[in-house]
Amino acid sequence: MAATAAQCLFLSCRFQSISLSSSSRPSATAFKSLSFSANTSFNAFSTGLMSVNVNPIVGGKFRRSDSTVCEAGTGKKADSAAKRARQSEKRRLYNKARKSEVRTRMKKVLEELDALRKKTDAQPDEVVGIEKLIAEAYSVIDKAIQVGTLHKNTGARRKSRLARRKKAVEIHHGWYSPEPTPSVSSV
């Protein structure tokens, strides 16, 4: 955070109250009166020129309000912080679009699989079209993992979900037959 330097009149006495008002934007910020203490720190000078009204207590009697004008640095973000904000917004929009594409591809595959499962007279060659959709979804998921939009475990879980649904549809229609595992014979 950039340090704000202010040059003001220094008064060495006790204060009854300190009230602050902005001369650059009078209606933008409303300040409350502050009670004074020796170690009070208040970042009121981050908006530019400020007017400080001081009511000192001198010998138990109140004097008229003195006004001191202080000049402070502007309250805008440092260049690096502004650049980081721009980059974050750009990445957020990019990642949002890529995640949306992943969800859309998955939704299309899952809808086709549900429709195929509900079909009573489905043929095994109808899975070929769905396999193409699954390949496209895998490609989009892999690209999202590669550019850092999705974590690799999230991508693996989503690809696994599609494969399990496809296998469930094949089992439902009787098209899936697991390959027998070769048994190890003892010699």
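Because only heavy atoms are used, hydrogens play no part in the values below, and waters and symmetry mates are left out as well, while side chains stay in.
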Roughly how far, to the nearest 0.5 Å, is [atom2] of [Y] from [atom1] of [X]?
{"X": "K118", "Y": "H172", "atom1": "NZ", "atom2": "NE2", "value": "11.0 Å"}
{"X": "L162", "Y": "I130", "atom1": "CG", "atom2": "CD1", "value": "11.0 Å"}
{"X": "R98", "Y": "L93", "atom1": "CZ", "atom2": "CG", "value": "13.5 Å"}
{"X": "E126", "Y": "D121", "atom1": "CD", "atom2": "CG", "value": "7.5 Å"}

Show the atom names and distances, to 0.1 Å, of all donor-acceptor pairs under 3.5 Å that link a side chain in residues 145-160 to residues at least two apart or in another chain.
from, atom 1, to, atom 2, distance (Å)
T149, OG1, N95, OD1, 2.9
H151, ND1, N153, N, 3.0
K159, NZ, D142, OD1, 2.8

message: Taking the side chain as everything from C-beta on, heavy atoms only, tell me whether Y176 gets closer than 4.5 Å to V169.
response: no

task: With sequence neighbours left out, write down each residue that passes ring-ring contact (aromatic ring centres under 6.0 Å, His included) with H173, or none if nothing qualifies.
output: W175

Indicate every side-chain donor-acceptor pair of residues 99-110 with a distance under 3.5 Å to a residue at least two apart or in another chain.
from, atom 1, to, atom 2, distance (Å)
T104, OG1, S100, O, 2.8
R105, NH1, E136, OE1, 3.0

message: Is there a side-chain contact (heavy atoms from CB on, under 4.5 Å) between R165 and R117? Walk through the geometry before answering.
response: CA-CA 10 Å; R165 288 281 181 90; R117 184 180 181 116; over 6 Å; no

field: Derivation of the salt bridge (charged side-chain N to carboxylate O under 4.0 Å, His left out) call for E89 and R86
entry: CA-CA 5 Å; E89 180 64 16; R86 287 193 309 269; over 6 Å; no

